[in-house]
Amino acid sequence: MQDESAQDFPYRTEYKKKSIRSYVIRAGRMTEGQRRAFDNYWGDYGLSLFGGPLKPREVFGREAPLVLEIGFGMGDSLLAMAEAEPDKDFIGIEVHPPGVGRLINNAGKAEVKNLRVYMADAVDVLNDCIADGLLDRFQLYFPDPWHKKKHHKRRIVQPEFVRLICSKLKPGGLLHMATDWENYAEHMLEVLEAEQMLENTAGKNHYAPRPPFRPETKFERRGQRLGHGVWDLLYRRR
Ligand SMILES: C[S@@+](CC[C@H](N)C(=O)[O-])C[C@H]1O[C@@H](n2cnc3c(N)ncnc32)[C@H](O)[C@@H]1O
C-alpha cells in the first residue's frame, strides 16, 4: 500500500495495512530542496520495503557493523553519527518525506557512503527486510510519546515490538532508546526490563547516561526548551 497524498510527487511512503500505527503521515510541506533531493539522491540512498531482505554486503560493498535507527525525523543527528563512525554502516527508517528529503540531500552533498534509508513503516521493514541477528546496534530517539492515555496503544514501544528488535540484534548487540517524556520513559523501562533477551547496561531498573555516540537530536532540543528531562535506556542483547 502506498500513500497517495501528493499527486505530483512520485516518491511514496511505503507501508502495509495495519489497524494501529505509531504515526500519522502528514501531507508535509516540503521545501523545493527536499523535493529535488529525491530526484538527485534517492537512487543513491533509497531502499524499498518491497525490495526483499537487505543484503548489507551488496548495498555497502563491505562487511561492517550495522546500526539501524527508527524515526530519524529531520535526520541531522543520524547524519552526524554516520559521519562520526565511518567504520559502521547505518540504516535509517522514517515515514515523513520532508525529513527523508533533508537527510538524503545533506548526505549526498557531503558524499556520505555509509548510510541508506527506507521511507517506510519501520515495523514492516523489520519484518520483511531485516534478517534475524543482523544488527549490531538499534536506535530509537524521542519516539512520538502519544501523551493521552487512550492513545498509548499507538506508542511504538510495546513488548511485541521489543521482542522483534531483539530478534534482529546480534548477541551482544546494543539497544538504545531515549525520550523526553517521563511517563513514556517509565513505560520503556518496564517493557525493556521484562524482556528476558536483554540486559540493562546501567543496572536493573536504571536509566543510562547519554552515551558519547548519541548527539543531541532536534526533538530533544525542543523538549529542553519546554523544560522536559531526558531519559536514555541502553541494553545489551544477551
Ligand atoms: C518525535 S519524532 C523524533 C525525531 C528524531 N528522532 C528526533 O529526536 O529529533 C518521531 C519520528 O518517528 C517517526 N515514526 C513514527 N513511527 C514510525 C514508524 N513506524 N516507522 C518509521 N518512522 C516512524 C515519525 O514520523 C517522526 O518523525
Side-chain angles (χ1 to χ4, degrees), residues 1-3 5 11-30 34 46-50 54 67-82 90-104 106 115-130 137-148 151-158 160-162 164-165 168 175-185 187-188 210-211 213-226 228-233:
M1 177 172 282
Q2 294 186 327
D3 174 42
S5 54
Y11 306 92
R12 298 282 182 262
T13 300
E14 298 172 326
Y15 54 92
K16 294 180 160 182
K17 211 173 173 62
K18 57 167 77 79
S19 52
I20 301 173
R21 290 201 223 139
S22 58
Y23 54 89
V24 179
I25 296 183
R26 293 152 281 163
R29 275 153 286 133
M30 211 153 359
Q34 288 160 359
L47 298 171
S48 171
L49 167 62
F50 305 110
L54 176 75
V67 180
L68 182 139
E69 178 166 328
I70 290 182
F72 56 74
M74 298 312 281
D76 294 5
S77 53
L78 177 57
L79 180 59
M81 280 185 274
F90 289 77
I91 302 285
I93 314 176
E94 175 55 64
V95 289
H96 186 50
V100 174
R102 179 179 169 90
L103 176 60
I104 62 175
N106 291 336
L115 173 69
R116 296 292 184 281
V117 299
Y118 286 93
M119 190 161 76
D121 183 317
V123 175
D124 294 336
V125 173
L126 287 168
N127 278 319
D128 289 9
C129 307
I130 306 298
R137 197 164 90 206
F138 167 80
Q139 308 180 163
L140 177 72
Y141 300 145
F142 306 90
D144 301 285
W146 294 103
H147 302 108
K148 291 183 187 158
H151 288 148
H152 283 185
K153 58 180 180 295
R154 300 185 67 146
R155 289 176 167 176
I156 196 163
V157 179
Q158 305 290 351
E160 195 188 341
F161 172 77
V162 170
L164 179 63
I165 301 301
K168 304 301 170 186
L175 179 152
H176 185 202
M177 296 182 184
T179 180
D180 66 338
W181 192 250
E182 188 165 18
N183 172 268
Y184 201 6
H187 170 77
M188 288 175 173
R210 170 158 71 95
F213 63 78
R214 181 174 79 70
E216 275 192 355
T217 78
K218 183 167 184 244
F219 264 78
E220 178 173 20
R221 282 192 292 276
R222 179 180 162 274
Q224 282 163 352
R225 284 196 298 276
L226 295 168
H228 298 175
V230 174
W231 294 268
D232 279 76
L233 301 97

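Just follow the structure's listing: the first ligand is 1, and inside any ligand the first atom is 1.
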What protein heavy atom sits nearest [atom], and how far off is it?
atom: atom 22 (N) of ligand 1; value: V95 N, 3.6 Å
atom: atom 9 (O) of ligand 1; value: F219 N, 3.0 Å
atom: atom 16 (N) of ligand 1; value: S22 OG, 2.8 Å
atom: atom 25 (O) of ligand 1; value: E94 OE2, 2.5 Å
atom: atom 12 (O) of ligand 1; value: G71 CA, 3.4 Å
atom: atom 20 (N) of ligand 1; value: A122 N, 2.9 Å
atom: atom 1 (C) of ligand 1; value: F142 O, 3.0 Å
atom: atom 15 (C) of ligand 1; value: D144 OD2, 3.4 Å

Within the distance-only criterion (no hydrogens, no angle test), does the side chain of [X] pair as donor or acceptor with the backbone N or O of [Y] below 3.5 angstrom?
X: E94; Y: H96; answer: yes
X: W146; Y: S22; answer: yes
X: T217; Y: S77; answer: no
X: K218; Y: M74; answer: no
X: R154; Y: I20; answer: no
X: R155; Y: P145; answer: yes

Could you list which atoms of ligand 1 come closer than 4.0 Å to a heavy atom of [X]?
X: D121; result: 19 (N), 20 (N)
X: K218; result: 9 (O)
X: A120; result: 20 (N), 21 (C)

Polar atom proximity, [X] to ligand 1 (N or O, under 3.5 Å):
X: Y141; value: yes
X: F72; value: no
X: T217; value: yes

Residue portion contacting ligand 1 (non-hydrogen atoms closer than 4.0 Å) for S77: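 Under 4.0 Å from ligand 1, S77 contributes no heavy atoms.
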R214/E220 ion pair, N-O < 4.0 Å: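 Result for this pair is yes, salt bridge flagged.
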Salt-bridge criterion met for R222 and D180 (N-O under 4.0 Å):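 Judged by the 4.0 Å cut-off on N to carboxylate O distance, R222 and D180 do not form a salt bridge.
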Flag if over 12 foreign heavy atoms under 6.0 Å of CZ, R221: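 Yes, because the 6.0 Å sphere around CZ of R221 holds more than 12 heavy atoms from other groups.
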Minimal non-hydrogen separation, P143 against Y184, with atom names: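 Minimum heavy-atom contact is CG-CE2, 3.6 Å.
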